[in-house]
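This report refers to the structure that appears directly beneath it.
So that the names make sense, note that chain A is the first sequence line, chain B the second, and so on, each numbered from 1.
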Protein chains: 2
Amino acid sequence: MTRTLLDAVLVALAEPTRRQLLDLLAERGEASASTLAQALPVTRQAVVKHLAVLDDAGLVSSRRAGREVRYRTRPERLAAAARDLSELATAWETRLATIKRLAEEEEGV
Amino acid sequence: MTRTLLDAVLVALAEPTRRQLLDLLAERGEASASTLAQALPVTRQAVVKHLAVLDDAGLVSSRRAGREVRYRTRPERLAAAARDLSELATAWETRLATIKRLAEEEEGV
DNA sequence: ACCATGTGCAACTCTGTAGTTGCACACAGC
DNA sequence: GCTGTGTGCAACTACAGAGTTGCACATGGT
């Protein structure tokens with residue numbers, strides 16, 4: 001189970017500002033913390049912290065380009081998280097179907 | 001866009017205790033707050049609050065049975081959230097692919 | 001060498017919320 | 001009727017994290 005990683009993704013996505021950052025990054029392809037901060041009602045430092053959380057969750061990656069650090073999204077990681085949730089949903093459905101079947105059997109006896 | 005609903009789901013799932021509650025519910029099919037609290041290191045009241053959050057996100061439903069209230073998971077809502085995230089991932093991928101193509105064209109000039 | 005811009009680190013404030021306790025009410029069984 | 005157990009509501013505590021400010025360091029351009 002990639003349980004710990006999925007947890008990190010969910011925590012990262014639970015924050016509105018972080019989702020906004022991801023939107024901006026998806027839009028621009030690549031951007032620095034300073035540039036992103038200009039488009040948001042928060043300081044650069046706040047943006048840096050959010051990007052760190054997103055990085056821990058694997059949702060963004062960063063590279064140095066001269067004196068600035070550029071971030072970009074990592075769609076595969078989000079896709080993986082989506083798959084994990086989908087699997088979880090399927091597991092629940094199966095469980096509920098089994099319970100329903102058992103209930104009907106008991107009723108039949 | 002079911003953006004607001006997806007938000008609620010993400011916030012709900014970001015909490016470890018809430019995910020545990022969902023696990024327990026998926027396991028048992030149906031359970032009351034008091035019963036669930038016995039399996040967790042928190043009080044019934046804490047469980048009730050968490051269940052309220054999960055209910056707001058549409059991840060669980062409840063029904064009265066005599067003097068107790070029984071909760072169960074709603075797999076369709078989780079599945080829907082998974083689909084939304086998947087679509088988002090696809091959108092990012094498309095965007096990145098476009099940017100990459102543009103970069104290569106410019107390089108070609 | 002100097003200046004402008006971008007980043008990194010640390011300490012601080014403050015709001016949200018997870019969790020608690022205490023008590024009142026509701027229902028099932030005796 | 002009384003008593004168990006389960007639920008509902010309200011006030012409170014406490015901690016995590018979102019955001020800030022201030023300053024030091026690094027890099028590119030002139």
Side-chain angles (χ1 to χ4, degrees), chain A residues 3-25 27-73, chain B residues 3-25 27-73:
Chain A
R3 186 51 63 93
T4 313
L5 260 171
L6 178 59
D7 288 5
V9 171
L10 292 172
V11 169
L13 291 177
E15 244 291 322
T17 308
R18 282 196 283 269
R19 282 195 300 270
Q20 237 177 311
L21 279 172
L22 290 173
D23 280 348
L24 286 171
L25 283 178
E27 226 176 76
R28 307 184 180 181
E30 207 175 43
S32 69
S34 302
T35 306
L36 290 167
Q38 289 172 6
L40 292 174
V42 296
T43 61
R44 172 186 61 94
Q45 290 300 334
V47 171
V48 169
K49 286 187 185 179
H50 282 308
L51 287 172
V53 175
L54 291 169
D55 191 32
D56 284 347
L59 291 174
V60 303
S61 62
S62 65
R63 68 182 181 95
R64 258 214 119 84
R67 67 180 156 191
E68 61 181 34
V69 178
R70 301 213 183 114
Y71 295 82
R72 57 172 165 273
T73 58
Chain B
R3 184 53 60 94
T4 314
L5 261 171
L6 178 59
D7 287 6
V9 171
L10 291 172
V11 169
L13 291 177
E15 243 291 324
T17 308
R18 282 197 283 270
R19 282 194 301 272
Q20 237 177 312
L21 278 172
L22 290 173
D23 280 348
L24 286 170
L25 282 178
E27 225 175 78
R28 306 182 182 182
E30 208 175 40
S32 68
S34 302
T35 306
L36 290 167
Q38 289 173 6
L40 292 174
V42 296
T43 62
R44 172 186 62 93
Q45 290 301 336
V47 170
V48 169
K49 287 187 185 177
H50 282 307
L51 287 172
V53 175
L54 290 169
D55 191 31
D56 285 347
L59 291 174
V60 303
S61 63
S62 64
R63 68 181 181 97
R64 258 213 119 85
R67 68 180 155 190
E68 60 181 33
V69 179
R70 301 213 185 115
Y71 296 82
R72 56 170 164 274
T73 59

I'd like to know whether B:L40 forms a side-chain contact (heavy atoms from CB on, under 4.5 Å) with B:L21, so could you lay out the CA-CA distance, the side-chain angles of the two residues, the decisive distance to 0.1 Å, and finally the verdict. CA-CA 9 Å; B:L40 292 174; B:L21 278 172; 3.5 Å; yes
Protein-nucleotide distance ([X], atom [atom1]; [N], atom [atom2]), rounded to Å:
X	N	atom1	atom2	value
A:D55	C:dT7	CG	C1'	15 Å
A:L21	D:dA18	CG	P	12 Å
B:Q20	C:dA18	CD	C1'	14 Å
B:D56	C:dG16	CG	P	17 Å
A:E68	D:dG29	CD	C1'	14 Å
A:R64	D:dG28	CZ	P	9 Å
B:L13	C:dA18	CG	C1'	17 Å
B:Y71	D:dT7	OH	P	8 Å

Please test B:T35 against B:R70 for side-chain contact (heavy atoms from CB on, under 4.5 Å), starting from the C-alpha separation and ending with a verdict. CA-CA 10 Å; B:T35 306; B:R70 301 213 185 115; over 6 Å; no
Which one of B:K49, B:R19, B:R18 satisfies the side-chain contact (heavy atoms from CB on, under 4.5 Å) criterion with B:L54? B:R18
Criterion side-chain contact (heavy atoms from CB on, under 4.5 Å) against B:L51, the qualifying member of B:V48, B:D55, B:V47: B:V47
Less than 4.5 Å apart, any side-chain heavy atom of B:L25 and any of B:L59? no
Have a look at C:dG19 and give me syn or anti from its glycosidic angle (syn if within 90° of zero). anti
Can you find a donor-acceptor N/O pair under 3.5 angstrom joining the side chain of B:K49 to the base of C:dG19? yes
Check: B:R67 side chain, D:dG4 base, donor-acceptor under 3.5 Å: yes
With a 4.0 Å cutoff (strictly under), does any side-chain N or O of [X] reach OP1 or OP2 of [N]?
X	N	result
B:R18	C:dA18	yes
A:H50	D:dG19	yes
B:T17	C:dA18	no

Per the under-4.0 Å heavy-atom filter, residues of residues 34-46 of chain A near DNA chain D come out as A:P41, A:V42, A:T43, A:Q45, A:A46
Quick one: bend of the helix from C:dA1-D:dT30 to C:dA26-D:dT5 from 5 pairs per end, to 10°? 30°
